[in-house]
Amino acid sequence: MKTTKKLVMIGNGMAGVRAIEHLIKLAPDSYEITIFGAEPHPNYNRIMLSTVLAGGSSMDEIIINDLQWYEDNRIRLYTGEPVVKIDSANRKVISRSGIEAEYDKVIIATGSKAFILPIPGADKEGVIGFRDIADCETMMDASKTYRKAAVIGGGLLGLEAARGLLNLGMDVTVIHINGHLMDRQLDEPSGRMLQRELEAQGMKFLLKKQTLEITGKKRAQGLKFADGTSLEADLVVMAVGIRPNVEVAGASGIDVNRGIVVSDWMETNVPDVYAVGECVEHRGIGYGLVAPLYEQGAVLAKRLAGIETDGYTGSVTSTKLKVSGVDVFSAGEFKDSPDSRSLKIQDEVGGVYKKLVIRDNKLAGAVLFGDTADGASLFSLIKSGESIAGREKELLLGIPSELMGQSKGAKFESMPDDEIVCGCNGVSKAAIGEAITAKGCTSVADIKACTKASASCGGCKPLVEGLLHFYAGDAATESKEGICGCTSLSREEVIDEIKRMRLMTVKEVMNVLEWRESEGCSKCRPALNYYLGMLWPEEYVDEKESRITNERYHANIQKDGTYSVVPRIYGGVTSPADLKKIATVAEKYNVPLVKFTGGQRIDLLGVKKEDLPGMWEDLDMPSGHAYGKTLRTVKTCVGNTFCRFGTQDAMGMGIKLEKAFERLNTPAKVKLAVSGCPRNCAEATIKDFGVVAIDGGWELHVGGNGGIHVRATDLLCTVKTDDEVIEWASAYLQYYRENARWNERTSNWIERVGLDSVKEALAKKEDREALVERIEKTLSLTTDPWKEIIENRELRKNFEPLADVQTVKQ
Ligand SMILES: Cc1cc2nc3c(=O)[nH]c(=O)nc-3n(C[C@H](O)[C@H](O)[C@H](O)COP(=O)(O)OP(=O)(O)OC[C@H]3O[C@@H](n4cnc5c(N)ncnc54)[C@H](O)[C@@H]3O)c2cc1C
Ligand SMILES: NC(=O)c1ccc[n+]([C@@H]2O[C@H](COP(=O)([O-])OP(=O)(O)OC[C@H]3O[C@@H](n4cnc5c(N)ncnc54)[C@H](O)[C@@H]3O)[C@@H](O)[C@H]2O)c1
Ligand code: SF4
Ligand code: FES
């Protein structure tokens, strides 16, 4: 009989979770898995934080496995819950808040922390490392208030942080201890060329500088250097290397040097305790890049699945700087030594530098600046250790384009099937070949969607492109980004096909349009559910399982795993009776926090999932939809009812709008506001749809946002009557529903399509009336979700704690 063992993992980061993904594939249901993560997030792509900081990606887009993935795989996840100790005598793991989890096997995957120089002032406000989402958010916030940033450390991380801060509008100086940048990856000439290129982008540098102190009172104000000079700075980012997180191992009797000491099978000295990732020291080496950590994870997964495997023997690494407009690649050795020879090209006019380091007729290392097209191929040669005798110059010069097909073809022919092409995502030549020949990928974007190859640092893209041409020949096409990784079809193409073939369910869309992943992903499932509901309001039955967690439970999940309840309060106007009711419910269910929201609603926070239906029933108020992609709130000022400046009835108009559009499904959340005069106390000009009273009418404003990227609204039009406000709001919201991408706020949508195109679409009365008719049809079919659950026994069961299903805590 198959027995399920308990596996506990400490750390919810890139290396550990990748090992779990492997394990689940190799030995499904062999382990009951519990993961403790110190960060309050599901597993995300740390590599992409540089891209997020530089504005090239959003936080949502870097989630690798969302909460649904943990639930689907019956993994119990504790987030924001660091582990403090492994009690190996009693075989349990203990977290900071006292949660104990028994184990048969335990994995330590705690990664590293940024090394913070131990200098006076390092604990001041405004001094941070760059390691996680919180650091990234701190920098983005600081850039709104402060101007001068100093980045200490001119390595990969420091330069990527500096580029991001420049994009955020800061004045950035990089302070580096060495005489040239990226001294751990580049030689002096390439480091110098890199500096010149970055200076041209607006980055400033202070080289050969040792920081002695960070000055300032509470917050950092500047730096003092060993040579007596100083620099003003109100944000200081330390990027001077990393230190493995070994505290848990140290406190649990596990051998630790710089990192946690492991065998070739990732075993520590304590039985049944394994370690993987940056926290590890293997054969005396700790790695700080994902490729080797994924190799470690693959070995560990096989070990835990009971599959015979060779051990991990160490890795040669390659790096690529992720700063747009600068191509830098480095792999293996880059310095000259007495027993090696090197070949170089140095073209300072064209901005190209290439260097090959050769030992015993084998390629030992390569540095490329300005032209990194051959980086991945050279890296393959370094790893294979094959002789390059007689080919040295050809490799240095790069293969001429007219011979590309022929010689690269020969190269791909001889490349072993199991050779890893994309180090960041551990994708082999065979997996890419299969994606092209068996799954029909015809572009790099297709392959990226199918295998994840080239989805992180992008360093392997030329090699992926080469393989595409090798396998697909003339069938290879230009890259086209689909709505998600499961398809190369755009939103418009998907919608056209749904309409043309009258597709009616999410599953049908995926089958008919040949989705690569038969179950879809966390991006396309809710998007398709929305598009189908928008297109077929009468026929389509909402698929609850395709909705995101908050929408399935009609409440916002909080970081401690509890939920929040926000009842509908139209226009923010309440009554003593409703307030009494809310207070009674809050007391009855021991609600730990009652708070007013930014949208003038009352939020009951800290509610257990099983208490939700009871609370809704006792409240007997409609859902405030504070959790959904729908109309959230209509904020109002008191208007002419009480305010002596008011020219119109702002509260009345707010209530009318909220009653008109509550429960409307929209591509992303929608917030409205109504102000009773141009003083605009309800802040209507940072809302998705803002209404501002003027003498004799209303101004209608659109596309505002008060979130991360603040955007003031654009004026759509001015109208005279209340009915016209409702007509224009209806037409505008329906046009947005029909034309925006799923998850696209009105502010981003307006920026993308342009205000003029929206004005044009709404200009004619008959067009507006058609839109109004469609939104009214949709609205007439909506029901209150809380009421539906209260009255339906089966639906209520989803809220009961299930003994045999792991609960997910966020
Ligand atoms: C901005 C940035 C850009 C990068 N770019 C690249 C790149 O382009 N290419 C590349 O190869 N690498 C890059 N890296 C490095 C790469 O991200 C790391 O090598 C990789 O994330 C390490 O994986 P890991 O699982 O070992 O550690 P992590 O991803 O750090 O995960 C460890 C997790 O464990 C948690 N943890 C720690 N202690 C505890 C505890 N006691 N209990 C519970 N949880 C705990 C941590 O909070 C963390 O979430 C980059 C790193 C950064 C910061
Ligand atoms: N594109 C990528 O592959 C990428 C991007 C970001 C981070 N990472 C990884 O993240 C980790 C951290 O990156 P990192 O750049 O901090 O580490 P690093 O060790 O690669 O570089 C640190 C740099 O700081 C310099 N330095 C050390 N002490 C200093 C001081 N007192 N003052 C000024 N400079 C000083 C060093 O000379 C070195 O160049 C590494 O493992 C790195 O590989 C990789
Ligand atoms: S916006 Fe005008 S009407 Fe409304 S509260 Fe402010 S001043 Fe009064
Ligand atoms: S090697 Fe980084 S994305 Fe492929």
Side-chain angles (χ1 to χ4, degrees), residues 9-11 13-20 22-23 86 88 105-113 115 155-156 183-185 241-250 252-305 307-319 330-335 337 339-340 357 359-360 362-366 379-386 416 418-420 423-424 426 428:
M9 187 161 81
I10 308 167
M14 296 191 72
V17 176
R18 173 55 80 100
I20 297 288
H22 273 301
L23 177 61
I86 301 167
S88 51
K105 308 265 178 197
V106 60
I107 303 173
I108 311 175
T110 46
S112 308
K113 57 174 105 37
F115 175 56
L156 289 158
D183 52 294
R184 297 192 177 156
Q185 294 86 12
I242 49 177
R243 294 290 177 272
N245 284 321
V246 295
E247 292 76 6
V248 174
S252 313
I254 294 164
D255 279 353
V256 171
N257 282 337
R258 191 170 187 273
I260 302 166
V261 179
V262 292
S263 72
D264 288 0
W265 288 271
M266 315 320 292
E267 300 147 322
T268 69
N269 62 314
V270 174
D272 294 321
V273 179
Y274 301 79
V276 71
E278 274 188 2
C279 59
V280 152
E281 182 178 313
H282 171 263
R283 299 192 185 182
I285 300 175
Y287 294 92
L289 295 162
V290 289
L293 310 182
Y294 284 171
E295 287 178 44
Q296 295 176 352
V299 171
L300 172 60
K302 280 194 182 158
R303 191 69 165 184
L304 290 173
I307 296 169
E308 193 69 29
T309 176
D310 289 339
Y312 171 72
T313 53
S315 309
V316 188
T317 56
S318 74
T319 51
S330 169
E333 294 178 33
F334 59 93
K335 287 184 187 155
S337 63
D339 64 339
S340 66
V357 179
R359 182 179 300 105
D360 301 332
K362 292 176 191 163
L363 193 59
F379 186 44
S380 299
L381 287 175
I382 296 171
K383 284 192 292 182
S384 73
E386 70 189 79
D418 61 356
E419 179 158 334
I420 297 294
C424 288
S428 65

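The residues of the chain are indexed from 1 along the displayed sequence. All of these numbers come straight from a predicted model, not from anything done at the bench. These numbers come from the heavy atoms of this one structure, side chains and all, not from hydrogens, waters or symmetry mates.
Here the side chain of Asp255 pairs no donor or acceptor atom with the backbone of Asn269 at under 3.5 angstrom. Listed for the Tyr287 side chain is a donor-acceptor partner under 3.5 Å among the backbone atoms of Ser315. In this structure, Glu333 contributes its side chain and Ala364 its backbone to no donor-acceptor pair below 3.5 Å. At distances below 3.5 Å, at least one donor-acceptor pair connects side-chain atoms of Thr268 with backbone N or O atoms of Val273.
Distance check, rounded to the nearest 0.5 Å: CE of Met266 to OH of Tyr312 gives 7.0 Å. Between Ile86 atom CD1 and Ile254 atom CD1 the span is 4.0 Å, to the nearest 0.5 Å. With values rounded to the nearest 0.5 angstrom, Thr313 atom OG1 is found 7.0 Å from His282 atom NE2. The NE2 atom of His22 lies 9.0 Å from the OH atom of Tyr294; values are rounded to the nearest 0.5 Å. To the nearest 0.5 Å, atoms CG (Leu300) and CZ (Arg18) are separated by 13.5 Å. Residue Ser112 holds its OG atom at 8.0 Å from CZ of Arg258, rounded to the nearest 0.5 Å.
A heavy-atom distance below 4.5 Å is not found between the side chains of Asn245 and Glu278. Two residues are said to be in side-chain contact when any heavy atoms from C-beta on lie closer than 4.5 Å; Thr317 and Pro292 meet this criterion. Counting only heavy atoms from C-beta outward, the side chains of Lys105 and Leu304 approach each other to under 4.5 Å. A heavy-atom distance below 4.5 Å is found between the side chains of Ser337 and Arg359.
Minimum interatomic distance between Gly16 and Val276 (heavy atoms only, all atoms of both residues): CA-CG1, 4.1 Å. The shortest heavy-atom contact between Leu293 and Leu289 is CG-O, 3.1 Å. When every heavy atom of Ala109 is checked against every heavy atom of Cys279, the shortest pair comes out as CA-SG, 4.0 Å. Residue Ala331 comes nearest to Ser318 through the heavy atom pair CB-CB, 3.6 Å, listed as atom of the first residue, atom of the second, then distance. In this structure, Ile260 and Ala275 approach most closely via the heavy-atom pair CG2-CB, 4.0 Å. Contact record, Ile108 with Ala249: CD1-CB, 4.1 Å, taken as the closest heavy-atom pair.
Atom CG of Asp310 has 12 or fewer neighbouring heavy atoms from other residues, nucleotides or ligands inside a 6.0 Å radius. Residue Lys113 qualifies as enclosed at atom NZ: its count of foreign heavy atoms under 6.0 Å is above 12.
When the salt bridge (charged side-chain N to carboxylate O under 4.0 Å, His left out) test is applied to Asp264, the partners found at least two apart in sequence or on another chain are Arg283.
Among Lys302, Arg303, Gln296, the single residue meeting the side-chain contact (heavy atoms from CB on, under 4.5 Å) criterion with Trp265 is Arg303.
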